Every structure is written in structure tokens, then in C-alpha cells.
Enquirer: 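Dropping the structure in here first, questions after.
Just so we're on the same page: letters track the sequence lines, and every chain starts at 1. Bear in mind that the values here come from a model prediction, so they are computed numbers and not experimental data.
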Amino acid sequence: MPVFHAATPQQVQQAVQTALAEKTPLDIIGGGSKRGLGRATAAGHGLDVSALAGIIEHDHDELTLTTRPGTSLGEIEAALASRRQMLAFEPPGWHGVFAAHGAPAATPTIGGSIAANLAGPRRIRAGGPRDHLLGVAAVNGRAEAWRGGGRVVKNVSGYDMPKLQCGAFGTLSVLTELTLRLVPAPATTSTLLIATETLAAACQMMARALNTPQDVSAAACLPAGIAARAGVPRAGQFIVLLRLEGTSPSVIDRAATLRRQFSAFAELDTPESKAVWHDIGAVSPLLANPDAMLWRLCPTPSLAPEILAALTDLSDQVFLDWGGGLIWLAVPAATPDAAAASIRAAIGPHGHATLVRAPAPLRARLPVFQPLAPPLAALNARIRAAFDPAHILNRGRLVPEP
Amino acid sequence: MPSLPAANPAIVARRAAIAADLRRLVPEALIITEASERMAYECDALTAHRSAPLLVVLPRTAREVAAILRYCHANAVPLVPRGAGTSLSGGATPMPDALLLGMARFNRIVEIDAENRCATVQPGVTNLSISQAVAHLGLFYAPDPSSQIACTIGGNVAENSGGVHCLKYGLTTNNVLGVELVTIEGEIIRLGGKHHDSPGYDLLGALVGSEGLLGVVTEVIVRLLPTPPLARALLIGFPLVDQAAATVAAIIAAGIIPAGMEMMDKPAIAAAEAFVRAGYPLDVEALLIVELDGCPAEVDHLIDLVAGLATAHGATTCRASASEAERALFWAGRKAAFPAVGRLAPDYLCMDGTIPRRHLPDMLARISAMESRFGLKVANVFHAGDGNLHPLIMFDANIPTEIDRAEAFGAEILRQCVAMGGALSGEHGIGLEKRDLMPHMFTDTDLDQQMRLKCAFDPQALLNPGKVFPTPCRCAELGRLHSHHGALPFPDLPRF
């Protein structure tokens with residue numbers, strides 16, 4: 001597969017023009033850490049945008065960051081941390097998720113995180129990438145350079161084009177510049193650990209905690225059997241983790257209130273909390289078996305226990321984040337069709353399931369992303385054509401395309 | 001003044017026939033045909049533009065909306081959706097050759113789901129009534145546009161409305177989880193839901209703020225948040241505007257995101273104080289209201305920090321609210337600023353642009369210079385925390401040319417906003433009012449890409465025509481792909 005290397009927006013435009021002329025699709029490659037995510041596609045030309053990198057402006061007074069998409073998450077996190085700021089959506093990187101599947105040493109980038117719309121544990125409180133992407137510059141499938149959104153937080157000037165790019169997996173445009181909203185980094189973080197005996201009780205507890213005014217910024221549930229993999233001490237059958245962030249007096253006050261209310265058996269301090277929530281975002285508790293297939297379910301949070309009850313035979317390898325709104329499920333490598341039919345039947349109309357990690361032949365045959373109802377699928381296809389009528393960009397990555 | 005496209009006389013001539021067709025789709029009582037009754041819908045809150053709609057239809061169900069849209073699609077009849085008609089940008093300005101689709105009868109709260117912290121409501125429900133309906137659960141709906149008593153959630157979705165508290169809690173787009181949408185083909189589809197994110201493109205993200213151009217929303221799932229146990233406000237006066245702006249910057253730089261951070265200039269302070277007697281200092285050039293919310297330990301800590309920053313930057317007045325009544329009083333003047341300015345002049349234009357915060361003093365100086373150039377007075381209120389300006393340009397519509405000068409003044413302010421790296425609209429939308437300014441912010445290619453999105457939803461451009469885009473939609477032309485035949489356009493492009 002020949003690979004175009006683009007280090008400037010103009011070179012991206014040239015590569016798309018060339019691909020259009022040759023009628024050959026382009027596979028967009030950034031840091032290469034999520035090559036295994038999405039439908040497996042027939043190889044076209046590669047478009048390597050890893051050199052389209054670098055922070056353009058960190059405007060700390062205005063709480064914005066303008067960057068090239070190939071910039072690594074590590075570089076961005078370090079630059080922001082030096083000014084005590086951060087990306088509120090806590091991009092998880094997923095460093096280890098695909099590492100075992102033959103991918104070279106790969107670097108998660110901000111562009112990849114936006115294209116895949118990946119958010120970490122703070123999703124329930126602060127939203128996802130779509131809630132923090134203020135503006136984009138991009139090249140569409142007609143090789144036209146366009147801009148959408150802007151550099152200010154409040155902006156209702158035309159359609160919110162940046163949001164459409166989040167989760168589009170590059171099928172609408174190649175991103176060439178991103179402006180993101182920043183937030184101050186909290187000075188203090190604390191995590192309360194609470195033991196429970198059933199998943200239903202754990203989910204109810206997370207909902208109750210999230211409904212208190214104590215501003216819980218993350219709520220996860222780990223089965224005792226895998227808790228140790230995230231460095232969490234074992235107690236009971238399930239451990240509920242509640243995170244508090246903010247100024248020190250505030251966190252101390254709120255933690256004391258929640259400890260009383262939920263009988264927490266332990267409390268993690270700032271460095272311990274950061275490590276645990278990083279591991280939860282990185283899916284670390286389920287990465288012990290490199291051959292297991294990984295599902296990511298986003299159900300209505302309160303329905304998580306009954307969805308999992310319908311899947312008990314499949315796996316004991318499971319954990320919950322987002323107060324039950326995110327279920328990670330590992331199924332053994334030998335499971336026929338990765339149990340796709342059972343999993344999608346269990347979630348029904350109450351959310352969606354993504355087959356995040358599976359061998360390529362399976363990801364070519366099965367819908368990786370939840371199939372859409374026909375009118376919605378037709379509308380998605382028209383939007384795809386509105387940006388990329390020849391299906392040049394990442395053809396087939398989301399749905400089968402001719 | 002931006003004008004709507006010329007009415008299509010063929011459609012206007014078919015008024016009676018279209019009404020007869022609609023009676024086969026929805027009960028007769030839901031259709032308004034009488035000229036005198038149609039006049040009640042002749043404008044929204046952008047009152048300078050008036051014209052009675054072709055017909056008014058007031059559907060009650062998604063199925064009725066679907067039947068109406070399917071009919072419009074099949075017969076090429078344009079339509080304008082309308083919530084409470086509070087749009088300041090002419091988002092719901094009617095047209096003589098378009099149906100007006102009034103969503104007022106969609107006024108039910110369908111479900112309150114405390115466990116998942118969300119509520120399912122119909123689009124005609126008012127913004128404030130959502131928070132009122134869930135207050136007993138210790139929850140609230142965060143976006144709070146100043147028209148929240150009257151404006152509907154459907155209109156909020158259309159315009160991506162903000163409000164005083166969006167600095168901390170986000171805009172409508174950050175607080176809507178899902179919608180039921182009727183497409184122009186009459187399909188009823190669901191975008192989003194009680195779950196996080198959705199497969200496929202983020203159509204919900206594109207829909208919020210799309211000003212009624214992409215479809216008609218018939219149900220909305222909104223995110224609810226726990227009500228903070230305590231909110232306190234600081235009332236801070238400064239002898240210089242620059243000091244107030246520097247304080248805003250210092251608060252943000254200290255890592256504090258207040259629940260709200262509002263600024264008023266001297267004319268706005270004087271007008272508000274004369275109107276509501278909130279106890280505002282009259283000897284200052286700028287007034288800040290900074291609200292902090294959360295647990296008592298946090299709020300008290302932050303109140304002290306902010307007060308310290310204000311004093312260090314030259315504040316001559318700094319009062320912290322000691323009770324809910326006092327906090328409400330601090331806000332009373334700000335919330336009444338528009339009607340207060342309305343007492344100073346027969347008419348005013350409320351502008352809505354956004355700039356990076358650091359340009360606030362420069363912008364105020366420029367507006368002040370423009371006052372003499374245009375011969376009109378301005379009072380300024382800002383959502384200072386997020387750089388959202390609301391200059392109120394005072395004029396008298398009975399004096400010939402004053403409205404034209406006011407509109408030219410407003411356009412000049414918005415062009416300045418864009419030049420400073422900001423946006424034409426922070427929360428009111430482009431609508432009809434700012435439509436012709438769009439090319440100042442976007443290139444033709446940018447606008448073509450936006451119009452192609454429109455074409456994917458509404459290829460005949462029947463939904464809310466004449467709004468947002470300065471040129472009519474040309475879907476057939478925009479859909480063509482000019483392929484590059486023959487030799488490679490860039491043979492020297494590195495590929496290896």
C-alpha cells in the first residue's frame with residue numbers, strides 16, 4: 001500500500017486530489033494506535049498525517065488550545081499540565097487496547113481521539129470530545145479546505161460542523177487543525193471506595209451518588225476479581241469508585257459527606273486517584289488476556305444490571321464506568337461471532353454496542369458499530385456524500401461501502 | 001435590512017387549496033386561515049420584520065407533524081417552525097408563502113427519570129418549567145436564557161440557547177441528550193437517547209443550533225443536574241472598565257469557573273438601578289456580578305478568593321450576598337437590564353456577538369467611538385466569563401433612518417467581533433438578522449460545506465428558507481463532483 005505523507009494542510013489537499021484522480025480510497029493514519037478500531041477495510045492508499053503535528057497556540061487566558069491533529073496526547077497533556085489546565089473530557093488513549101494485535105509502537109494523538117470521539121471517566125460530568133471541540137480546519141473528500149466553528153466557547157453561527165467530525169472516523173474530512181476548550185485542572189482529587197454485593201446495588205449506589213450535589217466527577221464499578229489490576233484493594237463482590245475533584249477545602253468537605261452517606265471502606269489520595277482513573281480509562285482491568293475480544297456498551301445507565309444479567313454466560317470479565325452508562329466486556333477469543341447477536345439483543349433500543357477489539361476477518365464480516373435504523377442510515381449516507389461523494393476517505397471504516 | 005426571498009405568487013394563490021389539503025391530514029381546528037388570526041403570528045421578537053404567514057398549523061403529535069411535512073415535501077410548500085416566538089434574530093420570522101408550524105401544543109413533560117438524571121419533554125414546554133418540575137428531586141436544567149419564562153425548549157434546541165449559567169454548565173447543546181425529529185420526508189427518527197454518544201455521525205450535535213433548517217423536533221431528552229446546595233454572588237464595582245476586565249481574566253487564570261460572571265457598563269447600571277433599585281453603585285464605570293455555587297465550604301472559600309482578586313484590581317465596591325434574598329436582588333438588576341434600557345428609548349436592538357475575553361476593554365472603547373459616528377447611544381451587558389456581548393443599541397423607529405442606522409451600527413459591532421477572532425452570534429442565532437454577515441466569518445467554501453449538510457436533510461430547501469445563509473441553497477449544483485481526469489495533479493507528492 002503506497003502511503004502519502006502530509007505534514008501541511010496543503011499536502012493533505014494534494015493527497016486527496018490525487019486519490020480522487022486515481023479513484024483510490026485513502027486510509028488516514030495518525031499515530032496508528034487505533035488502526036484496529038472500526039470495520040476492517042480493503043487497503044487503499046495510506047495518508048500518513050502523523051507529521052501534521054504540533055501545538056499552534058495554547059491560549060491559557062482564554063482557556064483554548066489550537067493544535068495540529070497529529071500532536072500526541074502526551075505532548076498536549078504535558079503542555080496543559082504545566083499551566084494547570086486540562087482537557088475536561090479526559091481522552092483515554094487506549095494505549096494497551098490494540099497493542100497486542102500486531103500494531104507497531106503507536107502514539108495516541110488528539111486527532112484520533114476526536115475522530116473516534118473517545119472520552120474518559122469524566123464523560124458523565126464534563127461531556128465528550130464533541131462538547132469541547134470549538135473549531136476545526138479540515139479537507140473534505142472533494143479536496144477542499146474548509147473551516148467550521150471558531151475559537152470562542154459561545155458560537156451559534158451556522159451549523160456546528162466541528163461536532164459532526166467527532167466520531168466520524170475521518171469519513172467526512174481529514175482534520176488539519178483543532179481548537180479545543182480547556183478547563184482548569186483540579187488541585188485535589190479523591191476517590192472513595194465502597195464495597196457492594198450485587199451489581200444492581202452498585203448501579204443504584206452510583207446513581208444515588210451522582211444525584212447528590214457533591215459533584216461526583218466519575219463513578220465506576222469493578223468486580224472484586226479484577227479490581228487489583230487497577231490497583232484497587234479488594235472488598236465484597238463489587239467495588240464502587242466515586243471521584244471528587246476541586247479545591248482542597250471543597251474536596252475534603254464533600255468526601256466527608258459522601259463517606260458518611262455510603263460507608264466507604266477506603267479513600268484514595270490525589271496520586272492514587274489519578275493512577276486508578278487513568279487505568280479505568282485505559283481499560284487496563286480487561287487487558288490481561290491479549291486474545292480476548294472487547295465490547296464497549298453504552299446503555300441507559302440504570303439498565304446496565306439487567307443487560308449484564310442477560311449476558312452472564314458470556315463472560316465474568318466486565319467492568320462499568322460512567323455510572324453504569326459504559327460497560328466494558330471481554331469475551332473469549334473462541335466465542336462464535338464475538339456473541340454479537342446476544343449482546344446487541346441484550347442492549348436492544350436502549351443504547352449501542354461497539355466491537356472494539358476483534359480479529360480483522362470478524363471486523364470485516366460483523367457490524368463493528370451498532371447498525372442504524374434504515375431512515376437514519378440513509379441520512380448518514382447522505383451526510384457522508386455531502387462531505388465526500390466519492391467515498392475517498394476511510395472507505396468502509398464505519399459501514400460497508402462500494 | 002436583510003430581506004426574505006420574494007414570495008412565490010403561485011403558492012400564495014394556492015392558499016385555500018393547501019388549507020383544504022391540510023384538513024385531510026389534521027383536524028380543521030388546528031389550521032388557522034383567517035387573515036386576522038394569522039396576523040397574530042406576523043413576527044417573532046425581531047419585530048422589525050413582519051408578514052402574515054400563508055397559513056398557521058398547530059399540530060399536537062409527531063404523526064401530525066410528519067403528515068404535514070410529507071405533504072410540504074411532496075408539494076414543494078415551504079414551512080417555518082415556531083416555538084414561543086421569542087427569537088431575537090428572526091429565527092421564526094414568517095413568510096407569506098410558507099406554512100407556519102406552531103409547536104405550542106407540544107406542551108407536556110412526558111417523563112422525569114431521576115435515576116438517569118434526565119427528563120423527556122415536548123418541544124413547546126417552557127425552559128423554566130423544566131427546572132420547576134424537577135426541583136423537588138434536587139435537580140435542575142442548567143441553560144437559562146433570560147427569556148426562560150416564555151421561551152420553549154424546542155426553540156432553545158433550534159438556537160442552541162445559553163444564559164447566565166452556561167459558563168459553568170454549558171449551552172443547550174451540552175445539555176440535550178436526545179431528540180425525536182421529523183424529517184422533511186415525514187420520517188420520524190430518534191437521535192441520541194438516555195445513553196451516552198450514538199453510533200453514526202453526531203446528528204444531534206449538528207441539529208442543535210441549526211435554527212429550524214434541518215427538521216422539526218417533536219420531543220427532547222434533557223440532561224438534569226443536581227442543584228448546588230449553595231449559591232452566593234458578589235457585586236463588584238470598578239472605576240475603570242479595564243479593571244473589571246482584568247478581574248475577569250484573573251478569576252479564570254486562578255482556575256475558578258464561576259457559575260456566572262456578568263458585566264454591565266455605566267449606562268446599563270444606571271438604567272437597571274433606576275428600574276429595580278437593586279442597590280447598584282452609580283459612581284462606577286463597570287459592574288461585575290460573579291456567582292459561585294457548590295458546597296458551602298467551596299463557595300465560601302471561592303468568595304474570599306474572588307473578592308481578594310477584585311480588590312487587588314482596584315474594585316471600589318465589593319459586596320457578597322449573605323442570603324438568597326440578597327443574591328436575588330443582585331441579579332434583579334441584571335435580569336431586568338433589557339426592559340430597563342427599554343425605558344430609556346422607544347426601541348432598542350439587542351446584539352449578540354462573542355469575542356475572546358481579553359478584547360473586552362478594546363471592544364467597549366470601539367463601541368463608544370461608534371456611538372458618535374452612528375449618532376445612537378448604547379448600553380452594554382456582557383456574559384463576561386465567556387466573552388458574549390449584548391450591546392443594546394437605542395433608537396426611535398418613528399424617526400426615519402434611525403432603524404437603518406441602528407442596524408448598521410449592530411453590523412459594525414459584529415464585524416469587529418469576527419475581526420477580533422470571535423463569532424457573529426453567541427446564543428441568539430443568525431436567523432434573518434445576521435444572515436448577510438455570514439460571509440464575514442466564513443469563506444464560500446465553508447458556507448458551501450454547510451449548505452451541503454442542509455441539502456442532505458432538506459434537498460428542496462423547504463425548512464425555514466431565507467434564514468442563516470445569505471444565498472439560496474443550490475443543492476443540485478453543490479452535489480456535483482468535478483473529477484480530475486488524466487495525469488496526477490501532484491506527481492511530486494511524497495509517497496513511499
Side-chain angles (χ1 to χ4, degrees), chain A residues 2-5 14-15 17-18 20-21 61-62 84 117 123 127-128 130-131 140 144 146-147 150-160 163-164 166-168 184 207 211-213 246-247 249-250 253-254 298-302 322 325 351-352 369-370 372 375-376 380 382-383 386 389-390, chain B residues 115-117 159-160 162 174 187 189 194-202 205-206 209-210 226-229 249 252-253 255 294-295 297-298 301 354 356-358 386-388 421-427 429-430 441 445-446 449-450 452-453 455-456 468 481 483-484 488-490 493-495:
Chain A
V3 177
F4 298 111
H5 292 260
Q14 292 167 3
Q17 267 186 36
T18 306
L20 269 174
D61 290 345
E62 300 291 336
R84 288 179 295 147
N117 199 38
R123 172 73 178 87
R130 48 107 62 196
D131 295 292
N140 64 19
E144 295 166 343
W146 64 275
R147 283 181 178 271
R151 284 182 162 207
V152 286
V153 172
K154 286 177 90 173
N155 183 356
V156 197
S157 312
Y159 302 125
D160 195 334
K163 280 201 176 56
L164 269 182
C166 297
N211 278 20
T212 69
T247 60
S250 168
D253 183 79
R254 287 182 286 144
C298 297
T300 298
S302 64
W322 300 357
H352 53 102
F369 302 99
Q370 186 90 6
L372 303 172
L376 198 49
N380 269 264
R382 291 202 298 274
I383 288 166
Chain B
E115 199 176 0
N116 291 304
R117 288 171 305 288
E159 302 296 341
N160 190 17
N174 312 113
E187 296 274 7
I189 60 177
K194 293 182 180 180
H195 47 84
H196 292 296
D197 306 325
S198 284
Y201 300 125
D202 187 356
S210 65
T227 311
I252 300 284
C295 68
E298 175 173 357
H301 173 69
T354 315
R357 275 182 292 270
R358 71 164 59 90
D386 37 33
N388 191 186
L424 290 171
S425 170
E427 54 186 358
I430 298 297
M441 187 158 166
T445 310
D446 300 341
Q449 186 58 72
Q450 293 199 27
R452 286 193 185 101
L453 178 65
C455 297
V468 183
L481 178 65
S483 56
H484 305 266
L488 288 186
F490 296 99
L493 191 64
R495 77 167 108 173

Enquirer: Sort A/Ile383 into side chain, backbone, both or neither according to what part of it lies under 4.5 angstrom from a heavy atom of chain B.
Expert: both
Enquirer: We want to know whether A/Ser302 and B/Asn116 form a side-chain donor-acceptor pair, criterion being a heavy-atom distance below 3.5 angstrom.
Expert: yes
Enquirer: So what's closer than 4.5 Å to chain A heavy atoms on B/Asn388: side chain, backbone, both or neither?
Expert: side chain
Enquirer: Select one option (side chain, backbone, both, neither) describing which atoms of A/Asn380 are under 4.5 Å from chain B's heavy atoms.
Expert: both
Enquirer: For residues B/Gly426 and A/Val156, report the shortest heavy-atom separation together with the two atoms involved.
Expert: O-CG2, 3.3 Å
Enquirer: Looking at B/Glu187, B/His196, B/Glu115, which has the largest count of heavy-atom pairs under 4.5 Å with chain A?
Expert: B/His196
Enquirer: Check each atom of B/Ser210 against the heavy atoms of chain A and say whether the ones under 4.5 Å are side chain, backbone, both or neither.
Expert: both
Enquirer: Do B/Arg117 and A/Asn211 have side chains that get closer than 4.5 Å, going by heavy atoms?
Expert: yes
Enquirer: At what distance, to the nearest 0.5 angstrom, does NE2 of B/His301 lie from OG1 of A/Thr247?
Expert: 4.5 Å
Enquirer: Check B/Gln449 against A/Asn140 and note the closest heavy-atom contact, atom names and distance.
Expert: OE1-ND2, 2.8 Å
Enquirer: Minimum heavy-atom separation for B/Gln450 to A/Tyr159, with atom names?
Expert: OE1-N, 3.1 Å
Enquirer: Taking every heavy-atom pair that is under 4.5 Å apart, which of A/Gly150, A/Gly158, A/Gly246, A/Gly325 has the most such pairs with chain B?
Expert: A/Gly158
Enquirer: Between A/Arg151 (side chain only) and B/Gly421 (backbone N and O only), is there a donor and an acceptor less than 3.5 Å apart?
Expert: no
Enquirer: Looking at every heavy atom in both B/Ser425 and A/Ser157, which two are closest together, and how far apart are they?
Expert: N-OG, 3.2 Å
Enquirer: Please name the pair of heavy atoms, one in A/Arg382 and one in B/Ala456, separated by the smallest distance, quoted to 0.1 Å.
Expert: NE-O, 2.7 Å
Enquirer: Select one option (side chain, backbone, both, neither) describing which atoms of A/Pro249 are under 4.5 Å from chain B's heavy atoms.
Expert: both
Enquirer: Is A/Cys298 close to chain B through its backbone or its side chain, or both, or neither, when contacts mean heavy atoms under 4.5 Å?
Expert: both
Enquirer: Determine, for B/Asp202 against A/Arg130, whether the closest basic-nitrogen to carboxylate-oxygen distance falls under 4.0 angstrom.
Expert: yes
Enquirer: Who among A/Gly127, A/Gly167, A/Pro299 has the most heavy-atom pairs with chain B under 4.5 Å?
Expert: A/Pro299
Enquirer: Starting from the C-alpha separation in whole Å, work towards a yes-or-no answer on side-chain contact (heavy atoms from CB on, under 4.5 Å) for A/Leu164 and B/Leu453.
Expert: CA-CA 10 Å; A/Leu164 269 182; B/Leu453 178 65; 3.6 Å; yes
Enquirer: If I take atom CD from residue A/Glu144 and atom OG1 from residue B/Thr445, how far apart are they, to the nearest 0.5 angstrom?
Expert: 5.5 Å
Enquirer: Would you say B/Thr354 and A/Asn155 make side-chain contact, with heavy atoms under 4.5 Å?
Expert: no
Enquirer: Which atom pair, heavy atoms only, marks the closest approach of B/Leu481 to A/Pro389?
Expert: CD1-CG, 3.9 Å
Enquirer: Please answer whether the main-chain N or O of B/Asp197 pairs with a side-chain N or O of A/His352 as donor and acceptor at a distance below 3.5 Å.
Expert: yes
Enquirer: Just give me the residue among A/Arg123, A/Arg254, A/Glu62 that pairs up with chain B most often, heavy atom to heavy atom, under 4.5 Å.
Expert: A/Glu62
Enquirer: By a 4.5 Å heavy-atom criterion (distance strictly below it), what part of A/Asp61 contacts chain B: side chain, backbone, both, or neither?
Expert: both
Enquirer: Which distance, rounded to the nearest 0.5 Å, do you find between the OH of B/Tyr201 and the CG of A/Leu372?
Expert: 10.0 Å
Enquirer: For the pair B/Asp446 (side chain) and A/Arg147 (backbone), establish whether a donor and an acceptor sit closer than 3.5 Å, ignoring hydrogens and angles.
Expert: yes
Enquirer: Within a strict 4.5 Å, meaning less than it, do heavy atoms of the B/Cys295 and A/Pro213 side chains meet?
Expert: no
